[in-house]
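This is a predicted model, so every value here is computed, not measured. Every number for a ligand or one of its atoms is a count from 1 in the order of the listing.
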Amino acid sequence: MNIRESVIQHFHTQFNRLPDYVVKAPGRVNLLGEHVDYNDGFVLPIAIDRATWLAFSANGTNVSHLVAKDLDQHCTFTIDSVRNKLDSEEKPLPGWAFYPGGVCWAAVKTGLACPGVNVVYSSNIPRGSGLSSSASVEMAFVLAWQTLAGWGLSPMERALLGQKAENQYVGVQSGIMDQFASACGEEDSILVLDCRSLDWHTIAIPANYAYIVADTMKSRRLRSGEYNKRRADCEEAVLLLSAYIPGLKSLRDVDIETFNQLACNLPERVEKRARHVVDEIHRTIEAIPLLEAGNLPAFGRLLNQGHVSLRDLYEVSTPELDIMVNLAQHIPGCLGARLTGAGFGGCTINIVEEEFATSFVASLTESYHTVTSITPDIYICHAAAGARLD
Ligand code: ADP
Ligand code: MG
């Protein structure tokens, strides 16, 4: 049984009727541009063919009843209880309910109605592995309430609402990329987002290459603290550099040459973090015409450089991610490999010549297992459409 059917069946068991709607919201993999969305940079994600499915109906009350099938947990809340991070019986909201609860809270704060809803949801996006299971949950709930209450928000507006939930309710100071990709994904397309202007366009995904996600199976523990620290370091860099560049708003506006001249004025850790961001934004700017021209060998080299920078400057890699990337880079047909997502565990993205895709998967599975005794989950992903009724 596929996940769509399983949430419908579970809904029937739970609520004794069939759901009125099902929505599907994809996860995403970021090809390049890591930790730059909150620095006004450019990102190059694709929405992937792994998603969260949510079966739902309005229940005519002010109490929302949520069933997280994958966690075998349920929870009820109202718009009033959710404001205090409580369930409808005044008990603390469980952590997983912060994502849908945050969406409800952010919507109500924006003046949007959130009628009581019965929901069952389930996903095949691994949790805490850098493929944005959290944004997919948020985008699924935003679309569910939009469907029931007729909000009329555009996909980008829905992404911004989800980001508000994640930033202000869950408490992770993430940028807009994850929710954007889940909301705005397009089949067979790489998304190109300018995180400052929110202008975006797509590039047809170059054919003859495989985009392969490799899960180290070491998911990130709760590292929102580390994430927020990286963001604070970037803010400190901007503050210190603004003494030399009046009016500086973000690291987006510092080119590599200027940064090199001014870097000596920054404390060592802040300098490393900022150097990653400045270089990574430069890499994405270089990457866009390469992708448009289908020059994947050159694009792959930027991925390799990106990994070194995330490992040594931004310090968000792990031993398993380094092993996975290093092994991949030595397998025939691999043009580039790097950790993807926030880091601290999770997945890598690999660009591989198509005729080598199958042998690459087999070889990486075997070699990673030999070194770590862990069987990884490695799959060839396809660029999918954004969140929609399914
Ligand atoms: P990711 O990189 O996958 O987005 P996060 O730490 O940001 O990792 O979000 C993971 C959290 O999102 C989970 O711990 C859980 O609270 C919530 N979540 C993700 N998928 C599901 C799901 N299928 N069911 C319930 N909650 C989920
Ligand atoms: Mg997330």
Side-chain angles (χ1 to χ4, degrees), residues 3-4 6-7 10-11 14 22-30 34-35 37-38 43 45 47-48 50-56 64-75 77 85 92-104 119-142 144 159 162-183 213 215-228 230-231 316 318 321 339-349 377 381 387:
I3 299 178
R4 184 179 182 281
S6 79
V7 291
H10 203 87
F11 187 102
Q14 195 76 35
V22 177
V23 295
K24 171 186 180 184
R28 65 100 187 92
V29 63
N30 188 23
E34 214 63 81
H35 287 282
D37 57 351
Y38 53 85
V43 291
I48 56 173
R50 288 200 178 190
T52 300
W53 278 262
L54 198 151
F56 64 102
S64 288
H65 189 150
L66 278 51
V67 179
K69 182 172 175 290
D70 304 331
L71 310 180
D72 198 17
Q73 293 203 36
H74 67 102
C75 162
F77 60 66
K85 298 193 168 151
L93 219 50
W96 60 269
F98 275 42
Y99 298 89
V103 166
C104 175
V119 179
V120 174
Y121 64 108
S122 175
S123 178
N124 58 359
I125 308 166
R127 295 185 286 283
S129 294
L131 302 180
S132 281
S133 67
S134 64
S136 91
V137 167
E138 290 155 4
M139 289 304 96
F141 273 90
V142 170
Q163 187 198 12
K164 187 170 175 176
E166 184 126 3
N167 288 174
Q168 296 180 32
Y169 198 85
V170 180
V172 181
Q173 297 305 315
S174 47
I176 187 62
M177 171 171 66
D178 301 355
Q179 292 80 8
F180 157 75
S182 182
V213 169
D215 191 340
T216 61
M217 311 306 275
K218 289 275 192 172
S219 68
R220 140 171 52 98
R221 308 236 193 311
L222 195 62
R223 287 301 189 100
S224 58
E226 286 297 322
Y227 192 100
N228 292 350
R230 297 298 182 285
R231 186 158 181 160
V316 293
T318 62
L321 285 165
L339 76 85
T340 187
F344 309 113
C347 294
T348 68
I349 174 72
D377 178 21
C381 66

Close approach, [X] and ligand 1, non-hydrogen under 4.0 angstrom:
{"X": "Thr52", "result": "no"}
{"X": "Gly128", "result": "yes"}
{"X": "Gly346", "result": "no"}

Is there at least one pair of N or O atoms, one from Ser134 and one from ligand 1, spaced under 3.5 Å apart?
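Between Ser134 and ligand 1, an N or O pair is found under 3.5 Å apart.
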Examine distances only and state if a side-chain atom of [X] and a backbone atom of [Y] form a donor-acceptor pair shorter than 3.5 Å.
{"X": "Gln163", "Y": "Ser174", "result": "yes"}
{"X": "Ser129", "Y": "Leu131", "result": "no"}
{"X": "Glu34", "Y": "Gly341", "result": "yes"}
{"X": "Lys85", "Y": "Tyr169", "result": "yes"}

Per-atom contacts of ligand 1 with Gly130, taking only distances under 4.0 Å to non-hydrogen atoms
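Near Gly130, the atoms of ligand 1 are 2 (O).
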List every atom of ligand 1 that sits less than 4.0 Å from any heavy atom of Pro126, numbering the atoms from 1 in the order shown and giving each element.
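By the 4.0 Å cutoff, the relevant atoms are 3 (O).
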Backbone or side chain, does Ser134 get an N/O/S atom under 2.8 Å to the Mg ion (ligand 2)?
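Yes, Ser134 qualifies, because one of its backbone or side-chain N, O or S atoms lies under 2.8 Å.
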Between Tyr99 and Tyr121, is the gap from one ring center to the other below 6.0 Å?
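For Tyr99 and Tyr121, the ring centres are not under 6.0 Å apart.
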My understanding is that we take every heavy atom of each candidate and find the minimum distance to atom 23 (N) of ligand 1. Doing that for Asp70, Leu71, Val172, which one comes out nearest?
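It is Asp70 whose heavy atom sits nearest to atom 23 (N) of ligand 1.
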As a check for students: among Tyr99, Tyr121, Trp96, identify the option with a heavy atom nearest to atom 11 (C) of ligand 1.
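That would be Tyr99.
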Once you restrict to heavy atoms under 4.0 Å, what part of Ala342 touches ligand 1? Side chain, backbone, both or neither.
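Under 4.0 Å from ligand 1, Ala342 contributes no heavy atoms.
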Can you tell whether the side chains of Arg28 and Asp37 come within less than 4.0 Å, N to carboxylate O?
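Here Arg28 does not pair with Asp37 in a salt bridge, since their nearest N and O are not under 4.0 Å apart.
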Taking the side chain as every heavy atom from C-beta outward, state whether Ser64 and Phe77 have any atom pair closer than 4.5 Å.
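Contact flag for Ser64/Phe77 side chains = yes.
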